[in-house]
Amino acid sequence: MNRTQITELFEIFESVRSNPRSELVYHNSFELLCAVVLSAQATDASVNKVTPVLFARAPDPQTMARMETAAIEEIISSIGLYRAKAGYLKGLSEKLVSDFGGEVPQSENELVSLPGVGLKTARVVLNVAFGRPTIAVDTHIFRVADRIGLSHAKTPNQMSDVLAKRIPERFLKNAHHHLILHGRYVCRAQRPKCHECPVTHLCAFFKKSKYVTK
DNA sequence: CTCCCGATAT
DNA sequence: ATATCAGGAG
C-alpha cells in the first residue's frame with residue numbers, strides 16, 4: 001500500500017460515523033489502565049460487568065494495593081485468565097503507590113514496567129487517557145492491517161512500529177480507534193462484512209477474497 | 001514457545 | 001463444538 005492509498009484509507013475512516021455497541025467503561029486513567037489489563041482475551045462487555053464492582057471497592061491504587069488478591073479474584077472471576085489478572089491488578093497498584101506517587105505514569109517505559117502491562121496496553125493508555133499519537137496493535141488491528149495490506153509484520157510489536165512510521169502524522173492519534181472499530185464491527189475475524197465495508201477498493205484481502213458477497 | 005481460562009458468538 | 005475476545009509473563 002502506498003502513501004496515497006493510506007491517506008485515502010484514513011480519510012474514509014474519518015468520514016465514516018461508527019456506532020460502537022460496547023466499549024470499556026472508565027472514569028480516570030487508573031480505571032482505564034485496570035480495564036485494559038482485564039480486557040486481554042476478553043470482550044469489553046465481560047470487563048464492564050465486573051469493573052463497577054471492582055472500582056466501588058477500590059477506586060484508587062492505594063485501596064486496591066491493600067486488597068487481598070483472593071478478594072480481587074472473586075470480583076473478576078467471570079473474566080478469563082482471572083487469577084493472573086488479579087495478581088497484575090494488585091501488583092500494578094502497589095507499584096503505582098510505591099514508585100509513581102499513586103498516579104498512572106505517562107511514559108511508555110514507565111507503563112511497561114508495571115506488572116501485567118505490555119507494549120499494547122501501555123500504548124492504549126497513552127493514546128486514550130493521555131491523547132498521545134500511539135498505535136497499540138491488538139488482535140483486531142493485527143488482523144485488519146494484514147488484510148488491507150497496511151502491514152504484513154509477523155508480530156503485533158513489529159507492526160506497531162511499522163504503522164507508526166507508515167501512517168501520516170495527522171491520522172496517527174485517531175488511527176488506533178478507527179482500526180479497532182473497523183476490526184470489531186466490519187472486518188471481523190469470522191465472517192467479515194465486506195459488503196458493508198467502505199474501503200474494499202483499497203483492500204488486498206477483498207480483491208482475492210471469497211467474501212465478496214454477503 | 002506455552003500457559004493462563006470464562007464468556008460469548010457462530 | 002470451536003473460534004475468538006482491547007495480551008502478558010515465564
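Just so we're on the same page: letters track the sequence lines, and every chain starts at 1. Note that these values count all heavy atoms, side chains included, but never hydrogens, waters or copies made by symmetry.
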A.B. asks: With a strict under 4.0 Å distance from non-hydrogen atoms of chain A, what nucleotide opens and what nucleotide closes the contacted stretch of DNA chain B, reading 5' to 3'?
C.D. replies: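 Extent of the interface on DNA chain B: B:dC4 to B:dT10.
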A.B. asks: Please give the distance between the C1' atoms of C:dA6 and B:dT2 as a whole number of Å.
C.D. replies: 22 Å
A.B. asks: Do other residues, nucleotides or ligands put more than 12 heavy atoms under 6.0 Å from A:Glu11 CD?
C.D. replies: yes
A.B. asks: Take atom CD in A:Gln158; do more than 12 heavy atoms of anything else shown fall under 6.0 Å from it?
C.D. replies: yes
A.B. asks: Please enumerate all residues that pass side chain to side chain donor-acceptor pair (under 3.5 Å) together with A:Asp60, with sequence neighbours excluded.
C.D. replies: A:Thr63
A.B. asks: Hey, would you say the A:His182 and A:Phe13 ring centroids sit under 6.0 Å apart?
C.D. replies: yes
A.B. asks: Does the distance from a Lys or Arg side-chain N to an Asp or Glu carboxylate O, for A:Glu108 and A:Arg123, drop under 4.0 Å?
C.D. replies: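 Salt bridge flag = yes for A:Arg123 with A:Glu108.
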A.B. asks: Does A:Phe171 share a hydrophobic cluster with A:Ile12, counting links as ILVMFWY side-chain heavy atoms below 4.5 Å and allowing steps through other members?
C.D. replies: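 Yes; tracing contacts between hydrophobic side chains, which count when under 4.5 Å, links both residues.
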A.B. asks: Could you go through A:Glu23 and A:His177, starting from their C-alpha distance and side-chain angles, then the distance that decides it, and tell me whether this counts as side-chain hydrogen bond (donor to acceptor under 3.5 Å, both in side chains)?
C.D. replies: CA-CA 11 Å; A:Glu23 287 188 77; A:His177 202 242; 3.1 Å; yes
A.B. asks: How does protein contact run along nucleotides 3-10 of chain C, one letter per nucleotide 5' to 3', with B for base contact, S for sugar-phosphate only, - for none, heavy atoms under 4.0 Å?
C.D. replies: SSBBBSS-
A.B. asks: Shared ILVMFWY cluster between A:Phe130 and A:Val112, side chains joined below 4.5 angstrom?
C.D. replies: no
A.B. asks: Pick the P atom in B:dA7 and in C:dG8, then give their distance to the nearest Å.
C.D. replies: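 Each nucleotide's P atom is 23 Å from the other's.
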